[in-house]
Undergrad: 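Quick one: this structure, given as structure tokens, is what I'll be asking you about.
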Number of protein chains: 4
Amino acid sequence: MQLPENKQLKENKKNLIIEAASKVFAEKGFSGASIADIAAYAGIGKGTTYEYFDSKEDLFFAVFEWHVEQSSQAATVNITALGGPASDRLSAMNESLMNYFVDKMDIFSLVMEFWAASASSKSREHYKQAFKDTYREFRGIVSSLIQDGIERGEFRSDVDVAAISAGIVGTWDAMFLQGWFDESFDIADTGKKCMAIFLKGLSIK
Amino acid sequence: MQLPENKQLKENKKNLIIEAASKVFAEKGFSGASIADIAAYAGIGKGTTYEYFDSKEDLFFAVFEWHVEQSSQAATVNITALGGPASDRLSAMNESLMNYFVDKMDIFSLVMEFWAASASSKSREHYKQAFKDTYREFRGIVSSLIQDGIERGEFRSDVDVAAISAGIVGTWDAMFLQGWFDESFDIADTGKKCMAIFLKGLSIK
Amino acid sequence: MQLPENKQLKENKKNLIIEAASKVFAEKGFSGASIADIAAYAGIGKGTTYEYFDSKEDLFFAVFEWHVEQSSQAATVNITALGGPASDRLSAMNESLMNYFVDKMDIFSLVMEFWAASASSKSREHYKQAFKDTYREFRGIVSSLIQDGIERGEFRSDVDVAAISAGIVGTWDAMFLQGWFDESFDIADTGKKCMAIFLKGLSIK
Amino acid sequence: MQLPENKQLKENKKNLIIEAASKVFAEKGFSGASIADIAAYAGIGKGTTYEYFDSKEDLFFAVFEWHVEQSSQAATVNITALGGPASDRLSAMNESLMNYFVDKMDIFSLVMEFWAASASSKSREHYKQAFKDTYREFRGIVSSLIQDGIERGEFRSDVDVAAISAGIVGTWDAMFLQGWFDESFDIADTGKKCMAIFLKGLSIK
DNA sequence: TATGAATGAGTCTTCATTCAT
DNA sequence: CATGAATGAAGACTCATTCAT
């Protein structure tokens, strides 16, 4: 995947701006962050931002997409790599995702900004659609794993796969939310234990 | 609980403003909503808002507290009323809370604004603290019910009560999040099924 | 001079407000002071102020007139009482006025506010006229004393009475201005010494 | 004293704004003048003002400093140029300063605003300090001249130099004040005559 | 292409003033 | 008469966006 050199440069600068924006938006929120802040953080001129993005809204959405992309990768990379029992793979996926985010806890504020954007941003529908797709994708991945487990005879077949998938995926948000507010809340550990409950509920005996 | 008449009037007006603000903030977000909007929606003059609240921030926080209060009530009212097996009471609480919010789905956008405020508002620490307390309160309620179930011999005793409580409480957020983005996601039903899984994981056999 | 009782009450309240306003204006300036401040300081309701004065401007002008009246009295009371050589009476008047104001140095800020009002207030012409009259009155008093001194053979007759009067009257402002800015400036003493110079310039030999 | 080109441009614009502000503040006073007024008068956009000054207060103080600087120059330029008898130099300084200000009588309203600012502005202490320094500087200049006159045997040696200096400096304020209120008051002429009195009081015979 | 000076629309907030009680 | 709740005009200030260089 080879881009012409100047296109690559452009991509690099775009990413530079996105990463700077990511930091600043995470710290100050969408409204609190100014283009001036972001440009300064990126070490470029204010006007330059507009060479790469049409508006602040636009830039914020780009940051959003960038993070969606990243976490989507984090999820898939880790299960495709693994084989073995479905429960092991679910646990592995669970742990891998938790760890991925625990490391970037500072970015969780961005997630909350994105959620809020889905409710009140001018392009709320864009956000909603993207989140809808992402949640479906994640539920789909979990569903396949569960389905696989059922087929292998690992899991009971009388469970509502969709519902459990939603529950498992939701647990990730839930853990981070509670961890966000409460320093003493152990995200990774609680997440692991919740997954254990789900697996117990799924297991044939 | 009898307030002197003019105090009551003041309280009434304060609530009038809070409710108007609630609607407008829900629709436009904190930054998108203007005091002018809110005052107009409440049918009062712009300046009047400042007779009751020191600043926009202040008003927003009052809206926050009002909703925290309301949902906290919704949760407690419904379990204290009930007796019977712990699993029934957990299910009842689950359904009651889901229904409470499903009715006011339009308000969920506010919750996301509050979450975001906990990350980037000037008084983020206030929000964080309040959320921390609220989550602890909810987890506490669920914990007591589970504990009760364990003592009654309904639930297994080798479970991590705190973790499951966090999972159950988190499921509420999780369902609403996924429902928020996806019209076709059945919040109440999925929530019920998730609770069923948790109960299955808890049950002695 | 007997007013009907309710008229007197009205006058009393008016003065109460004027005195309160005087304090608050002195401390915060015309713009910095709010009607709410003043009413609170006077221990009355905001609305009551408007029973006695048509507007904030109006009240400020009343305060102005009140002070003009007061200082005018302070000046005249003291010379009419005195007899003796003109130079003694000039010195006495000088000292008496200085002392009068040194005691109320905190009010000098009001004087500066009045001066400023004469330049930029909506009713600047009112202020200008009143100041013009007051300065003329003061110069007139000083002039008469000097004239008297000339006629008595105390002072030289080839002096410009008007100019010296202006100088003497101006010295009062000048001393207070310099004293206002400089804690270590001895207003009364310097004023006395300046008067001595003027008298030396006036004396026949 | 060569500034880099863009620094110079910035300085020029800053001065442009200061001069516009000077006019508008002089006419309407600090509170009466709006940033919009000033910007319009300067022929720039409202926002541009804030590129050069942090706040209205800030701009006003800059105007103040600009005038202090100017008048300070007006005073010193004219005596250093002169030689000859101390009394001539005092008279010359007197006339030069009077003329300087008589030409800009419209700016005297600013002086009164500055005085008022020293009493009630948020940064009153800044103003006070600056005025204190300025008066001391002026008194210092006059003192040196008198001292010189004493040493040359022109003036009597038993006078209080500090007091007379304060009187002479004060006369400038005094003349302008009286002239401000009274169109028919001849500032320059009266000032000259007052100086004559002071000189007579100082002269050895 | 990169910049940052200039802009003005938009908003919070204050406060003199009114008026129903 | 006295009050203070209600009001909205007015103004300082911010900041996304533009555009000449």
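Not measured: the values here are computed from a predicted model. First the proteins, then the strands, lettered A, B, ... as listed; each starts at 1.
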Undergrad: Could you work out which one of E:dA16, F:dT17, E:dA6 sits closest to the side chain of C:Y50?
TA: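 Nearest to the side-chain atoms of C:Y50, counting from C-beta on, is E:dA16.
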Undergrad: What's D:A33 touching, base or sugar-phosphate or nothing? Going by heavy atoms closer than 4.0 Å.
TA: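 Result for D:A33 = sugar-phosphate.
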Undergrad: Any non-hydrogen side-chain atom of D:K128 less than 4.5 Å from a side-chain atom of C:W180?
TA: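 When only atoms from C-beta onward are counted, C:W180 and D:K128 do touch, with a gap below 4.5 Å.
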Undergrad: Would you mind reading off the distance between C:K13 atom NZ and F:dC1 atom C1', rounded to a whole angstrom?
TA: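 So the NZ-C1' distance, C:K13 to F:dC1, works out to 8 Å.
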Undergrad: Specify the residue among B:I35 and C:E57 whose closest nucleotide of DNA chain E lies further upstream toward the 5′ end.
TA: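 Residue closer to the 5' terminus by nearest nucleotide: B:I35.
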Undergrad: With a 6.0 Å cut-off on ring centres, are C:F25 and C:F114 close enough?
TA: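 When the ring centroids of C:F25 and C:F114 are compared, they turn out to be at least 6.0 Å apart.
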Undergrad: Under 4.0 Å from OP1 or OP2 of E:dT3: is there any side-chain N or O of A:K46 that close?
TA: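 For E:dT3, OP1/OP2 do not have a side-chain N/O of A:K46 under 4.0 Å.
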Undergrad: Searching all strands shown, indicate the nucleotide that pairs with F:dT21 (Watson-Crick or G-U wobble; both distances under 3.5 Å).
TA: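 E:dA2 - that is the nucleotide pairing with F:dT21, both distances being under 3.5 Å.
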Undergrad: Between F:dA16, E:dC12, F:dA2, spot the one nearest the side chain of C:T48, thanks.
TA: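 The listed nucleotide nearest to C:T48's side chain is F:dA2.
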Undergrad: Starting at the 5' end of DNA chain E, which residue's closest nucleotide do you reach first, D:E51 or C:K122?
TA: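 Its nucleotide being nearer the 5' end, the pick is D:E51.
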Undergrad: Could you tell me if the side chain of B:F64 sits less than 4.5 Å from the side chain of B:E113, heavy atoms only?
TA: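 Of all side-chain heavy-atom pairs linking B:F64 with B:E113, none is under 4.5 Å.
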Undergrad: Report the nucleotide, chosen from E:dT3, F:dA5, E:dA2, that has the shortest atom-to-atom distance to any side-chain atom of B:Y52.
TA: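 Of the options given, the side chain of B:Y52 lies nearest F:dA5.
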Undergrad: Tell me what B:S34 touches on the nucleic acid: a base, only sugar-phosphate, or nothing, going by heavy atoms under 4.0 Å.
TA: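 Contact class for B:S34: sugar-phosphate only.
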Undergrad: For F:dA16 and A:S55 - does any side-chain N or O of the residue sit under 4.0 Å from the phosphate oxygens OP1/OP2?
TA: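 Result: no.
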Undergrad: On DNA chain F, check which nucleotide each of C:G47 and B:G45 is closest to and give me the residue with the more 5' one.
TA: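 Counting from the 5' end, the first nearest nucleotide belongs to C:G47.
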Undergrad: So what's E:dC12 paired with, Watson-Crick or G-U wobble, going by both distances under 3.5 Å?
TA: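 Pairing partner: F:dG11.
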Undergrad: Heavy-atom distance under 4.5 Å between the side chains of D:D37 and D:E27, does that happen here?
TA: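 Contact flag for D:D37/D:E27 side chains = no.
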